[in-house]
Amino acid sequence: MAEQMYDAIVVGSGISGGWAAKELTEKGLKVLLLERGKDVKHGIDYKTATKNPWEFPHRGKRTQQLIKDHPVLKRDYVLNEANLDWWAHEDDCPYKEEKPFDWFRGYQVGGRSLLWGRQSYRWSDFDFEANAKEGVGIDWPIRYKDIAPWYDYAETFAGISGSKEGLAQLPDGQFLPPMELNCVEKDVAARIRTHYKDARRMIIGRTANITVPHNGRTNCQYRNKCALGCPFGGYFSTQAATLPYALKTGNLTLRPFSIVRRLLYDKDQKKATGVEVLDAETNKTYEYKAKIIFVNASSFNSTWILMNSATDIWPDGLGSTSGELGHNAMDHHFRAGASGTVEGYDDKYYYGRRANGFYVVRFRNLFGDKREYKRGFGYQGSASRSGWGREIAELGVGADLKNALAEPGGWSIGMTGFGETLPYHENRIYLNKEQKDKWGLPTLVMDCEIKDNEKKMRVDMANDAAEMLEASGVKNVQASDDGYTFGQGIHEMGTARMGNDPKTSVLNKNNQLWDAKNVFITDGSCMASASCVNPSLTYMALTARACDFAVSELKKGNL
């Protein structure tokens, strides 16, 4: 069993892990970055990024064989032949669904930073204060003022394009120039703003696609092929942004194919001394030692590592003192909204394939509005014209079909709500020691569901969307609720939450494990509530903040 010593170990190389590696190396620490999957080098390993649809054997779509081989991935858009290698294979990494759960994972250097939707929004004090005001879960140990400077820091480096709106519930940030709403979206946005006397606002999405050259990266090319990897570095990913800066310091050692089985704990020092790693290719075991450890393996995998680090002190896992480890799992529920057709714009079109859409900012349970449920939702959507692939039932083949498809079709617009899920203690994950993965390691059981609060919210998500579209002149409006399965939002959060009291939380206000002061967790597992906005920007800010604290404490001799 080989052993090596570092100043810091970072487990996981996705959005938060990449940030931790950058911050710690830039502060002078020798860092080992461990990734359970393969290496993916920027540009070089984006094998399909510049391919056209006709260059794929099945035009980039799913086949019957893929559907058979991937019973989880087939449940949503993620299954296709264009980037299949970037999604975890269910046969290698199974899990048990006590209740239906769609778990879409990315196990490679960069993790899901290569696959994410890139929508990037700040939380406000409406979010950080909600638990305390409503008596839900536990109070957040921080407020907006604590994290605002770190939002500034994260946005400035990552490159977030967006418009300043002056909205209390969605704070403005350090934005690059915004992308543009298309002509239909602009008019719909203006009508919504007028009709509701500015109580509802449709804006361009705030996205981690850069609109001007930034930090050595080329601006977004409007290809909208982000999930294939961007050779230009037009969107934020570990490969395009944080990893190059970490490597530039000369302080980083990157080790792919390294599955962290457990944290090593010294009960006399009350600290973790390192990690035990299983080499995913050779099945050999290694130990690596460090003064501080950042666990950023993604929400549920970070909690898995803690659970699998059980000792005689903590039989339920390191960090289980409070009884909350594995509990309070959250996601964003969506797929409820509305759509319709738009008349009068047949002489107008748009340029490129904008890798972004519009965003309708939360308006429920704010500023005097009171509903029968807690919290709220925002919408994401877009307007577009149908292209040559549209279905024309009346025509067959030949000249008539060619002529009909020589011009774009009609305009349509649609939006889906993203709603907050409350942190229910009974929504949990736990170790399954009976079912093992490819490497003989225990797996997870998912026991999560949305409850009455979210179900009531979904009624408004559909009806409010339809009402807004109708008020803005959209025709043939249809409200819809297409159903939601927990995990489908791919925003899994919670299970190792932050708090003020070690009796009710796993981490303190600095993302520090109560049970081992030199262990920090800053991915989605740390979240005490979910807000209704996409969470990744908050992970970036929390990670930079925790790294600053950890290095300061290390220099003081407190770690």
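Because the structure is predicted, anything quoted here is derived from the model rather than measured.
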From CA spacing to verdict: side-chain hydrogen bond (donor to acceptor under 3.5 Å, both in side chains), Glu23, Tyr153: CA-CA 11 Å; Glu23 294 301 306; Tyr153 182 80; 3.0 Å; yes

Begin from the C-alpha positions of Lys96 and Glu434 and carry the test salt bridge (charged side-chain N to carboxylate O under 4.0 Å, His left out) through to its verdict. CA-CA 10 Å; Lys96 182 180 177 181; Glu434 303 300 319; over 6 Å; no

Apply side-chain hydrogen bond (donor to acceptor under 3.5 Å, both in side chains) to the pair Glu467 and Asn463, showing each step before the final yes or no. CA-CA 6 Å; Glu467 178 191 284; Asn463 292 341; over 6 Å; no

Please walk me through it: do Glu276 and Val260 pass side chain to side chain contact (heavy atoms under 4.5 Å, CB included)? CA-CA 6 Å; Glu276 183 180 281; Val260 174; over 6 Å; no

Using the salt bridge (charged side-chain N to carboxylate O under 4.0 Å, His left out) rule, take Asp85 and Lys47 through it: C-alpha gap first, then chi angles, then the decisive distance, then the call. CA-CA 10 Å; Asp85 288 345; Lys47 303 298 186 183; over 6 Å; no

Verdict with reasoning, Asn209 to Arg118, per side-chain hydrogen bond (donor to acceptor under 3.5 Å, both in side chains): CA-CA 7 Å; Asn209 291 76; Arg118 307 168 307 285; 2.7 Å; yes

Does the ring-ring contact (aromatic ring centres under 6.0 Å, His included) test come out yes or no for Tyr144 and Trp123, once each step is laid out? CA-CA 7 Å; Tyr144 179 69; Trp123 282 35; over 10 Å; no

Check the pair Trp150, Thr543 against side chain to side chain contact (heavy atoms under 4.5 Å, CB included), reporting the backbone distance first and the verdict last. CA-CA 9 Å; Trp150 297 103; Thr543 302; over 6 Å; no

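A cation-pi arrangement is absent between Lys51 and Tyr46, since the terminal nitrogen or guanidinium carbon is not both under 6.0 Å from the aromatic centre and inside a 45° cone about the axis. Relative to the six-membered ring of Phe363, Arg200 meets both conditions, a distance below 6.0 Å and an angle of at most 45° to the axis. For Arg36 and Tyr107, the positive end sits near the middle of the six-membered ring, less than 6.0 Å away and at most 45° from its axis. Annotation: cation-pi pair Lys99/Phe486 absent, no NZ/CZ under 6.0 Å from the ring centroid and within 45° of its normal.
Smallest separation of non-hydrogen atoms from Gln119 and Thr207: NE2-CB, 3.8 Å. Residues Pro423 and Ala528 share a closest heavy-atom pair of CG-O, 3.6 Å. For the pair Leu325 and Ala496, the tightest heavy-atom approach, listed with the atom from each and the gap, is CD1-CB, 4.3 Å. What you find for Ala541 and Ala154 is that their closest heavy atoms are N-CB, 4.2 Å. Between Asn308 and Pro442, the shortest heavy-atom contact is OD1-CG, 3.4 Å. Closest non-hydrogen pair, Leu507 versus Ile521, comes out as CD1-O, 3.6 Å.
In the model, Ser237 has no side-chain atom that pairs as donor or acceptor with a side-chain atom of Ser113 under 3.5 Å. Side-chain polar atoms of Thr538 and Tyr121 form no donor-acceptor pair below 3.5 angstrom. If you check the side chains of Asn534 and Gln380, you find a donor sitting under 3.5 Å from an acceptor. Inspection of the Tyr424 and Glu454 side chains reveals an N or O donor paired with an N or O acceptor under 3.5 Å. Side-chain atoms of Trp116 and Ser536 include no donor-acceptor pair closer than 3.5 Å. No hydrogens or angles considered: a donor-acceptor pair under 3.5 Å links the side chains of Asp515 and Thr321. Ser299 and Glu492 share no donor-acceptor pair across their side chains, judged by distance under 3.5 Å alone. Donor-acceptor pairing under 3.5 Å is lacking for the side chains of Arg201 and Tyr359. Side-chain atoms of Ser16 and Asp523 form no donor-acceptor pair, as typed in the model, at a separation below 3.5 Å.
At a threshold of 4.0 Å, the pair Arg375-Glu134 counts as salt-bridged, since one of the basic side-chain nitrogens sits closer than that to a carboxylate oxygen. One finds a salt bridge joining Glu324 and Arg497 here, because a Lys/Arg side-chain nitrogen approaches an Asp/Glu carboxylate oxygen to under 4.0 Å. Of the charged side-chain nitrogens involved, at least one lies within less than 4.0 Å of a carboxylate oxygen, so that Arg371 and Asp460 count as a salt-bridged pair. Ion pairing of Glu81 with Arg59 is absent here, as no side-chain N (NZ or NE/NH1/NH2) approaches a carboxylate O to less than 4.0 Å. Using a 4.0 Å cut-off between charged nitrogen and carboxylate oxygen, Arg428 and Glu449 do not count as a salt-bridge pair.
A 4.5 Å side-chain heavy-atom check between Asn224 and Arg354 finds every atom pair outside the cut-off. Annotation: side chain of Arg458 is in contact with side chain of His333 (closest heavy-atom distance under 4.5 Å). Within the 4.5 Å cutoff, the side chain of Asn500 has heavy atoms near those of the Asp139 side chain. Ile15 places a side-chain heavy atom less than 4.5 Å from the side chain of Phe236. In this structure the side chain of Lys438 never reaches within 4.5 angstrom of the side chain of Asp91, judged on heavy atoms. Using a 4.5 Å heavy-atom cutoff, the side chains of Met498 and Asn511 are in contact. Side-chain contact between Leu114 and Gln108 is present, with heavy atoms from C-beta onward closer than 4.5 Å.
In this structure, CG on Leu469 lies 11.0 Å from CD on Gln478, to the nearest 0.5 angstrom. Rounding to the nearest 0.5 Å places CG of Asp331 at 6.5 Å from CE of Met493. The structure places CG of Asn301 at 11.5 Å from CE of Met307, a figure rounded to the nearest 0.5 Å. Going from atom SG of Cys226 over to atom CG of Asn83 covers 11.5 Å, rounded to the nearest 0.5 Å. Rounding to the nearest 0.5 Å gives a distance of 8.5 Å between OG of Ser322 and NE2 of His327. Here CG of Leu513 is found 8.0 Å from CG of Leu263. Values are rounded to the nearest 0.5 Å.
Ring pair Trp103/Phe101 is perpendicular by interplanar angle, where above 60° counts as perpendicular and below 30° as parallel. Relative orientation of the His491 and His332 rings is perpendicular, given thresholds of 30° and 60° on the angle between their planes.
By the side-chain contact (heavy atoms from CB on, under 4.5 Å) test, Phe257 is found to be paired with Lys38, Ala280, Glu281, residues two or more places apart in sequence or in another chain being considered. In this view, Lys41 and Asp39, Ile44, Asp45 satisfy the side-chain contact (heavy atoms from CB on, under 4.5 Å) rule, not counting sequence neighbours. For Glu90, the side-chain contact (heavy atoms from CB on, under 4.5 Å) test picks out His70, Pro71, Val72, Leu73, with sequence neighbours left out.
Centroid-to-centroid, the aromatic rings of Phe418 and Phe377 stay 6.0 Å apart or farther. Aromatic pair Phe157/Trp19: centroids less than 6.0 angstrom apart.
Environment of NZ in Lys451: crowded, with over 12 heavy atoms of neighbouring residues, nucleotides or ligands closer than 6.0 Å.
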